Amino acid sequence: MASAFQRRVIAAVRRIPPGRVATYGDIAALAGSPRAARAVGTIMRDCRDPSVPCHRVIAAAGGLGGYGGHLALKRELLRAEGIEAGVRRIRQFAEVRWRGVRGSGTRKSEVRRRES
DNA sequence: CTGCTGACTGGTA
DNA sequence: GTACCAGCCAGCA
């Protein structure tokens with residue numbers, strides 16, 4: 001039985017439109033915890049549901065991240081959607097990156113960042 | 001309850 | 001540009 005956070009992450013991944021990709025951090029943010037990128041990775045690893053396009057989830061640096069050792073497959077799947085991926089990096093990463101369409105533009109409530 | 005691990009991220013060297 | 005370190009979050013022993 002999936003935990004609340006886990007199903008949230010899965011829902012976010014399923015929202016990623018075809019031809020687009022999202023970073024673990026973005027998914028974590030959509031799931032409600034912007035800092036839980038690692039937890040997202042853990043969930044992805046355990047997620048074997050074919051209805052979840054886990055191959056669209058990549059690292060923030062534009063890398064493919066991980067795929068349990070099937071990176072070649074991930075690269076193929078992405079390329080099939082029009083996303084060209086180099087050996088260590090995705091091309092046009094910033095252009096295919098999907099940020100999740102939230103309400104209307106600017107939101108000040110989430111500007112909060114760590115203060116020293 | 002305590003501690004370690006990991007499909008991560010950001011900053012520093 | 002790459003390499004290493006510390007921080008964060010959730011899951012599991």
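In this text, all values refer to a predicted model and were calculated from it rather than measured experimentally. Quick note on labels: first sequence line is chain A, next is B, and so on, each numbered from 1. Computation of the quantities below employed the complete heavy-atom set of this structure, encompassing side-chain atoms and omitting hydrogens, waters and symmetry-equivalent molecules.
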Whole-Å distance between [N] [atom2] and [X] [atom1]?
X       : N      : atom1 : atom2 : value
A/Ile27 : C/dA10 : CD1   : C1'   : 16 Å
A/Arg88 : C/dG1  : CZ    : P     : 12 Å
A/Ile10 : C/dG11 : CD1   : C1'   : 14 Å

Practice prompt. Determine, stepwise, if the pair A/Arg56 / A/Leu77 fulfils side-chain contact (heavy atoms from CB on, under 4.5 Å).
Written response: CA-CA 9 Å; A/Arg56 290 180 192 152; A/Leu77 291 168; over 6 Å; no

Worksheet item: Taking all atoms of both residues into account, what is the closest heavy-atom pair of A/Ala60 and A/Thr23, and its distance?
Response: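 Closest approach of A/Ala60 to A/Thr23: CA-CG2, 3.7 Å.
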
Practice prompt. For residues A/Leu71 and A/Gly65, report the shortest heavy-atom separation together with the two atoms involved.
Written response: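 Nearest pair, atom of A/Leu71 first, then A/Gly65: CD2-O, 3.9 Å.
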
Discussion item. On DNA chain C, compare the nucleotides closest to A/Ile43 and A/Arg89; which residue's is nearer the 5' end?
Written reply: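 In this pair, the answer is A/Arg89.
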
Discussion item. If you count every heavy atom of other residues, nucleotides or ligands that lies below 6.0 Å from A/Arg15 atom CZ, does the total exceed 12?
Written reply: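 No, because the 6.0 Å sphere around CZ of A/Arg15 holds 12 heavy atoms or fewer from other groups.
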
Discussion item. Between A/Ser33 and C/dC8, is there a contact of a side-chain N or O with OP1 or OP2 at under 4.0 Å?
Written reply: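 For C/dC8, neither OP1 nor OP2 has a side-chain N or O of A/Ser33 closer than 4.0 Å.
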
Discussion item. Taking A/Val57 as the starting point, is it possible to reach A/Val96 by hopping between hydrophobic residues whose side chains are less than 4.5 Å apart?
Written reply: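 In one cluster: no.
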
Worksheet item: When hydrophobic residues are tied together by side-chain contacts of less than 4.5 Å, even through go-betweens, does A/Val21 share a cluster with A/Tyr24?
Response: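 As far as the 4.5 Å side-chain criterion goes, A/Tyr24 and A/Val21 are not connected within one cluster.
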
Worksheet entry | Reading 5' to 3' through nucleotides 6-13 of chain B, protein heavy-atom contacts under 4.0 Å coded B for base, S for sugar-phosphate only, - for none | BBBSS---

Item to complete: Could you please name the partner base of C/dG11, counting Watson-Crick and G-U wobble pairs only when both distances are under 3.5 Å?
Response: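 C/dG11 is paired, partner B/dC4.
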
